[in-house]
Every structure is written in C-alpha cells, then in structure tokens.
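Some notes on the structure that comes next.
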Amino acid sequence: MFRFPITCSGLLALTIMVMMQAFPAAVTAIDWPLLLGASAIMALTPGANQLLSLSNGFRVGIAPAMTAACGRFAAFVLMVIGVAVGLGHWLATSAIFFNVLKWVGAAYLLYLGIRTLMTAWRPTARPMSADIETTRAGLLIRREALVALSNPKAYVLFALFLTQFLHADTESFAPAIMLAGLVYILIEFGCALVYAGAGHLLGQGSVTLRRQRWLDGVSGSTMVGLAGW
C-alpha cells in the first residue's frame, strides 16, 4: 500500500526539480526561507484533511491513510494550476463563487462530522484488518479529494497566501506560483504523514471500543466545529 503514496510524492519531487531547472527565474522570484517556514506551520495546523489523515491512520494504518491523502494532493495540484492560469484572481474577486464553495464545504464537513459522531456510539469496536485497507481505499481517496475541493480556504491559500512569498517585480508569476504551490503540497505530504502516524500510534495494541469512540468523538466534534466556524 505504500507504493502508491511513495510514487505520488516521488513524481511531485521530480516535477519540482524539473521546474527548478527549466525556470531559474521562478526560483529566484521566491523567498524560500519564509515560504518553507510559513508552509510548514500552515500544513501542521489541524484542519479537516489532516483530521481525516489522523482518523484514517487510526482505523486502517499509515499506508492506506497516505494513499487516501493522495486524493487531497491531486485536488491541490488542480488548484495550483488554476491559480497559475488566473482562476485564483477570479475566485478572490467573485463573492458569489466564493460563497457557494463556502457553503458546500461547510455542509460536507458537517455531514462528515455528524456521521463520525454517530459511529462513536457503535455497539462494538471495528476490526483493523487488511480487508478494510483494500475495499475502502477508493472511498477514502474520494473523501479526501472532496474535502479539499469543497474547502474555499484551500483556494485562497494558493491564490493569496503563496503569492506573499513572491517578489513583487517578478515576471515569472505563473511558473513561480506553480513551483511554490508544488513545494507547499510536498510539505503538506510530510505533515499528513505525521498525522497518519499519530493516528496509527493511537490505534496500536488493543483497539478498544472506548479508544475508537474517543477518536471519533474528537474528530467528529472538530469537523462540526470547523463547519460552524
């Protein structure tokens, strides 16, 4: 199960290296120390997708959780491409489109939160088995992608947050924002691994009903809180 996330992260790193060679002006247009530091803080901040990585790591293990996270990173790549071709400015200036995304994202988070809270009161603990890892992979990937795509703050992150680390006089905006976005995604991949690993550590040993209820209760309540906020 680790092959897929390793392949995805390897392709991402390779793409970054190729872009750095192909667009040297884009490399010099980025304030790298600030970008790397701020991106690490942003990616480590608990959010809906990181909570999913934590929950997935607990339920099905690190490898399936990271496979699921690839759905999030694919959605992020699409957002970065959209920002590079100018969709980010349209999003930032279109109140209607932003509000539609905001309410769709809030509704989906609320749905996931309530569903997770309902599973917290399951009568018996769910088994941790290989069957879960294989049969639910597609569902987990799709859920990560939908949470990312329906989160307007993710669009704003790539459209507005990353542009703060580009020099104002740069003439290579499109390749520079693409490069900065891909680097952020690679950093978030590492942070997702931290969350999935933490969830896996919580689930090691005897997976008791009390422990599953605790994690589902915390995750569900946080998702509902994020939706309300």
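Owing to the predicted nature of the structure, the values given are computational and were not obtained by experimental measurement. Keep in mind that the numbers below use all heavy atoms, side chains included, and drop hydrogens, waters and symmetry copies.
- Counting all heavy atoms, side chain and backbone alike, L182 lies closest to M19 at CD1-SD, 3.8 Å.
- Nearest heavy atom pair, residue M178 against residue A84, reads CG-CB, 3.5 Å.
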Would M42 and E188 satisfy side-chain contact (heavy atoms from CB on, under 4.5 Å), going step by step from the backbone distance to the final call?
CA-CA 9 Å; M42 183 70 71; E188 175 132 343; over 6 Å; no

For side-chain contact (heavy atoms from CB on, under 4.5 Å), just list the numbers for V183 and I30, CA-CA rounded to whole Å, side-chain angles, deciding distance to a tenth of an Å, and then say yes or no.
CA-CA 11 Å; V183 168; I30 299 172; over 6 Å; no

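- Checking side-chain atoms of S55 against main-chain N and O of L51 turns up no donor-acceptor pair under 3.5 Å.
- F76 and L78 are assigned to two separate hydrophobic clusters, defined by single-linkage of ILVMFWY side chains at heavy-atom distances under 4.5 Å.
- Between atom SG of residue C8 and atom CD1 of residue I185 there is a gap of 11.5 Å, rounded to the nearest 0.5 Å.
- Under the 4.5 Å side-chain contact rule for hydrophobic residues, L34 and I187 share a cluster.
- Closest non-hydrogen pair, P5 versus F189, comes out as O-CZ, 3.5 Å.
- Without hydrogens or angle criteria, W32 side chain to V27 main chain gives a donor-acceptor distance under 3.5 Å.
- To the nearest 0.5 Å, the span separating CZ on F58 from CG on L201 amounts to 11.5 Å.
- Rounded to the nearest 0.5 Å, atoms CG (L54) and CG (L202) are 6.5 Å apart.
- Formation of a donor-acceptor pair under 3.5 Å by the T28 side chain with backbone atoms of A25 is found in this model.
- With rounding to the nearest 0.5 Å, the separation of OG in S9 from CG in L14 is 11.0 Å.
- In this structure, the side chains of M66 and L193 come closer than 4.5 Å at one or more pairs of heavy atoms.
- A chain of hydrophobic side-chain contacts below 4.5 Å, direct or via other Ile, Leu, Val, Met, Phe, Trp or Tyr residues, connects I62 to I6.
- When each of N56, T67, L149, L139 is tested with E144 by the rule side-chain contact (heavy atoms from CB on, under 4.5 Å), just one qualifies, namely N56.
- Going from atom CZ of F165 over to atom CG of L36 covers 9.5 Å, rounded to the nearest 0.5 Å.
- Note that CG of L12 and OG1 of T7 are 12.5 Å apart. Values are rounded to the nearest 0.5 Å.
- Closest non-hydrogen pair, Q50 versus A192, comes out as OE1-CA, 3.5 Å.
- In terms of heavy-atom proximity, S53 sits nearest to A69 at OG-CB, 4.3 Å.
- With hydrogens and angles ignored, the 3.5 Å screen pairs no side-chain donor or acceptor of Y195 with any backbone N or O of G57.
- Contact between A148 and M79 at its shortest, heavy atoms only, is O-CE, 3.0 Å.
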Can you check side-chain contact (heavy atoms from CB on, under 4.5 Å) on Y184 and L162, steps first, answer last?
CA-CA 9 Å; Y184 175 86; L162 293 181; 4.3 Å; yes

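- V147 and L44 sit in two unconnected hydrophobic clusters of ILVMFWY residues. Membership requires side-chain heavy atoms under 4.5 Å apart, directly or through other members.
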Please determine whether side-chain contact (heavy atoms from CB on, under 4.5 Å) holds for the pair L186 and I16, giving the CA-CA distance in whole Å, both sets of side-chain angles, and the decisive distance to 0.1 Å.
CA-CA 9 Å; L186 190 61; I16 291 172; 4.0 Å; yes

